[in-house]
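Read through the structure below, which is laid out as structure tokens, and then see the notes.
Both counts, for ligands and for their atoms, begin at 1 and track the order of listing. Scope of the values below: all heavy atoms of this structure, side chains included, with no hydrogens, waters or symmetry mates. Quick caveat: nothing in here was measured; it's all calculated off a predicted structure.
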Amino acid sequence: MAGQVCSLYDTIVVGAGIQGSFTAYHLAKRGRETLLLEQFPLPHSRGSSHGQSRIIRHAYPQEHYSQMMAESYRLWEQLEAEAGVSLYRQTGLLVLGANTNPEFQCWCRTLVKHNVPGELFTTESLHGRFPGIRPYHGEVGVSDHTAGVLSADRALRAVQDGFQRCGGALHDGEKVTDIKPGVVVTVTTSRGVYQANSLVITAGPWANKLLAPLGLQLPLQTLRINVCYWKEKVPGAYGVSANFPCFLALCAPHHIYGLPSNEYPGLVKICYHSGSLADPEERDRLPETSALPDIQILQDFISKYLPGLVPEPAVVEHCMYTNTPDEDFVLDRHPKFRNIIIGAGFSGHGFKLAPVVGKLLCQLTAGEEPSYAMEPFRIHRFPALPAAAL
Ligand SMILES: Cc1cc2nc3c(=O)[nH]c(=O)nc-3n(C[C@H](O)[C@H](O)[C@H](O)COP(=O)(O)OP(=O)(O)OC[C@H]3O[C@@H](n4cnc5c(N)ncnc54)[C@H](O)[C@@H]3O)c2cc1C
Ligand SMILES: O=C(O)[C@@H]1CCCCN1
């Protein structure tokens, strides 16, 4: 079959992580003939969309994401109804920081602006309400009652099933090896050759590998993240049933966040919002000098801050972040090949927004006016890109 043109699609989407899967779902719902290509057999744990849980929240310090969250919640609910599965569990989110911290003040402002139900906590009221937390001197909190946890693996499956129910073709275990731009784009894979009027690249940490032959390199850093679970001394003390919320501690230089025990009974997920630079092809090959500083930071934090947890990780899983310099997404057309659309750089916070990201990438593909202002997501915000590419 290799070397032979198989079919002409309206759109081919490369990468069946949460962003590519939602893009393909929206395209197929509009009746566009869509092919979704995934290099690995599904499900897999090599990219960024696997695992049991992700935080969803209205709270965002940046206005452009806060604006999208109302629609994102609605689209998640719609998917739950279509698929007949539960994907969201409300837990609330507690954001913790010094009240003089400008970032903390930003979170408070957008919560008020968007009328998100929540509460402010002083150091004393924090401890009273959440006895499992030992707040720092002068630390305060603000909560988003609407926040909770998305079941990530189940969500990915639901959106891929929804795409196929709308007539979309999903080929897994099929790697894209070449892309020839043109009015009709030709895509060569490990199994065949396909053509489409437009192409969407949502390849997660592999984005720059696919973009290099297309003359474009985005300023993306791919990071290996340690996903750590910590044992409760009293099972359930930090659990969803005890109303323990998700939390985000605004620590420098990188935040620390946690999700209540649920997916693995007796274990609380607490992670560092950064990791070590890694090629996704060699994710688990650690640099020789690796002292895993993130885990040490987490251990210190847990010993001082969450005394009801054993300060040794019980389970460590791995996942990839693909970060832009400003941690805003890239949602744009290729600067030269306008029928090639790129979704990349989700910087460790893209899961909750995937229903809206998918809709925006679908609108760009269809040549429609996107529903939200796209300036924060444009490629041209990176001034240092090679001129040849632009
Ligand atoms: C530890 C961790 C915690 C996170 N927590 C949160 C959170 O709480 N809330 C939140 O909203 N977000 C969170 N995120 C971020 C969120 O999970 C990501 O933003 C999102 O999953 C990115 O999805 P993606 O589709 O861009 O990438 P991916 O899931 O990596 O998908 C890209 C896909 O493209 C495929 N691909 C690549 N190259 C090719 C090729 N040549 N041919 C065919 N297929 C190809 C890959 O195999 C992969 O399946 C977290 C991420 C991590 C790692
Ligand atoms: O997107 C989120 O809600 C989380 C916040 C903490 C870091 C990981 N991502």
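Residue Phe40 approaches ligand 1 through these ligand atoms, each under 4.0 Å from one of its heavy atoms: 47 (O). Under a 4.0 Å criterion applied to the non-hydrogen atoms of His349, ligand 2 contributes the atoms 1 (O). For ligand 1 and Val227, the ligand atoms under 4.0 Å from any heavy atom of the residue are 1 (C). Close approach of ligand 1 to Ile18 is summarised as follows: ligand atoms under 4.0 Å from at least one heavy atom of the residue are 20 (C), 21 (O), 23 (O), 25 (O). Remark: ligand 1 atoms within the under-4.0 Å shell around heavy atoms of Gly348 are 6 (C), 12 (N), 13 (C), 14 (N), 15 (C), 50 (C). With ligand atoms numbered from 1 in the order given, ligand 1 contributes 1 (C) to contacts under 4.0 Å with heavy atoms of Ile225. Near Thr202, meaning under 4.0 Å from one of its heavy atoms, ligand 1 places the atoms 32 (C), 33 (C), 34 (O). Contact atoms of ligand 1 toward Met320: 53 (C) (distance under 4.0 Å to a heavy atom of the residue). Those atoms of ligand 1 that come under 4.0 Å of a heavy atom in His44, given as number and element, are 47 (O), 48 (C), 49 (O).
With Ala16, Gly275, Cys319 as candidates, the residue nearest to atom 53 (C) of ligand 1 on a non-hydrogen basis is Cys319. In the candidate list Ser49, Ala147, Gly20, Ser49 is nearest to atom 29 (O) of ligand 1, counting heavy atoms. By heavy-atom distance, the residue among Gly47, Ala203, Pro43 lying nearest atom 32 (C) of ligand 1 is Ala203. For atom 47 (O) of ligand 1, the candidate residues are Glu38, Arg224, Lys209; the nearest heavy-atom contact is made by Glu38.
The backbone N or O of Phe121 sits nowhere less than 3.5 Å from a side-chain atom of Arg129 that would complete a donor-acceptor pair. The backbone N or O of Lys352 lies less than 3.5 Å from a partner atom in the side chain of Ser72, making a donor-acceptor pair. Checked by atom type and distance alone, the side chain of Trp230 pairs as donor or acceptor with a backbone atom of Ile270 at under 3.5 Å.
For the 3.5 Å distance criterion, the side chains of Glu369 and Gln363 fail to qualify, holding no donor opposite an acceptor. Checking Asp328 against His64 by side-chain atom types alone, a donor-acceptor pair falls below 3.5 Å. For Glu63 and Gln67, the side-chain atoms include at least one donor-acceptor pair closer than 3.5 Å. Looking only at atom types and distance, the side chain of Trp76 has no donor-acceptor partner in the side chain of Glu80 under 3.5 Å away. Judged purely by distance below 3.5 Å, without hydrogens or angles, the side chains of Ser53 and Lys269 pair a donor atom with an acceptor atom. Defined by atom type and a distance below 3.5 Å, a donor-acceptor pair is missing between the side-chain atoms of Glu119 and Ser143. Using a 3.5 Å distance cut-off with no hydrogens or angles, the side chains of His255 and Glu103 do pair a donor with an acceptor.
The nearest heavy-atom contact from the protein to atom 34 (O) of ligand 1 is Gly15 CA, 3.1 Å. Nearest to atom 1 (O) of ligand 2 among the protein's heavy atoms is Lys352 NZ, 2.5 Å. For atom 2 (C) of ligand 1, the closest non-hydrogen atom of the protein is Tyr321 CE1, 3.7 Å. For atom 39 (C) of ligand 1, the closest non-hydrogen atom of the protein is Gln39 CD, 3.7 Å. Of the protein's non-hydrogen atoms, Trp206 CB, 3.5 Å is the one closest to atom 38 (N) of ligand 1. The single protein non-hydrogen atom nearest to atom 40 (C) of ligand 1 is Val176 N, 3.7 Å, given as residue, atom name and distance. From the protein, the heavy atom lying nearest to atom 31 (O) of ligand 1 is Gly17 CA, 3.3 Å. When only non-hydrogen protein atoms are considered, atom 6 (C) of ligand 1 lies nearest to Arg54 CD, 3.2 Å.
Under 4.0 Å from ligand 1, the heavy atoms of His349 that appear belong solely to its backbone. Counting heavy atoms under 4.0 Å from ligand 1, residue Leu37 touches it through the backbone alone. Looking at Arg57 against ligand 2, only its side chain comes within 4.0 Å, counting heavy atoms. Of all the heavy atoms of Tyr321, the ones lying under 4.0 Å from any atom of ligand 2 belong exclusively to the side chain. By the criterion of a heavy-atom distance under 4.0 Å, the side chain of Val14, and not its backbone, is placed next to ligand 1. Heavy atoms of Phe351 found under 4.0 angstrom from ligand 1 belong to the backbone as well as the side chain.
Ring pair Tyr321/His273: centre-to-centre distance below 6.0 Å. The ring of Phe329 has its center closer than 6.0 angstrom to the ring center of Tyr65.
Here Lys359 pairs with Glu71 in a salt bridge; the nearest charged N to carboxylate O distance falls below 4.0 Å. Between Asp279 and Lys209 a salt bridge is recorded (basic side-chain N to carboxylate O distance below 4.0 Å).
Using 4.0 Å as the threshold, His50 has no heavy atom nearer than that to any atom of ligand 1. Residue contacts with ligand 1 do not include Cys271, since none of its heavy atoms lies under 4.0 Å from the ligand. A heavy-atom separation below 4.0 Å is not found between Arg54 and ligand 2. The shell of residues lying under 4.0 angstrom from ligand 2, judged by heavy atoms, includes His273.
Between Gln19 and ligand 1, a contact under 3.5 Å exists for at least one N or O pair. Geometrically, ligand 1 and Ile55 share a nitrogen or oxygen pair separated by less than 3.5 Å. Polar contact check, Ser48 against ligand 1: a nitrogen or oxygen pair lies under 3.5 Å apart. Note: no N/O pair closer than 3.5 Å links Pro205 and ligand 1 by distance alone. Backbone and side-chain nitrogen or oxygen atoms of Tyr257 are examined, and none is located within less than 3.5 angstrom of a nitrogen or oxygen of ligand 1. Between Glu174 and ligand 1, no pair of N/O atoms sits closer than 3.5 Å. Taking any N or O of Tyr60, backbone or side chain, none lies under 3.5 Å from an N or O belonging to ligand 2. Between Gly348 and ligand 2, at least one pair of N/O atoms sits closer than 3.5 Å.
The aromatic rings of Phe247 and Tyr305 sit tilted, their planes meeting at an angle between 30° and 60°.
Annotation: side chain of Phe301 is not in contact with side chain of Tyr272 (no heavy-atom distance under 4.5 Å).
Crowding of Arg333 atom CZ: a count of heavy atoms from other residues, nucleotides or ligands under 6.0 Å exceeding 12. Atom CZ of Arg46 is surrounded by more than 12 heavy atoms from other residues, nucleotides or ligands within 6.0 Å. Heavy atoms from other residues, nucleotides or ligands lying under 6.0 Å from NZ of Lys180 number 12 at most.
Taking NE2 of His58 as the start and CD1 of Ile56 as the end, the distance is 7.5 Å to the nearest 0.5 Å.
Just one residue in the list Thr365, Asn339, Thr11, Thr34 forms a side chain to side chain donor-acceptor pair (under 3.5 Å) with Ser198, and that residue is Thr11. Remark: of the listed residues Leu199, Leu214, Thr186, Leu214 is the sole one forming a side-chain contact (heavy atoms from CB on, under 4.5 Å) with Pro181.
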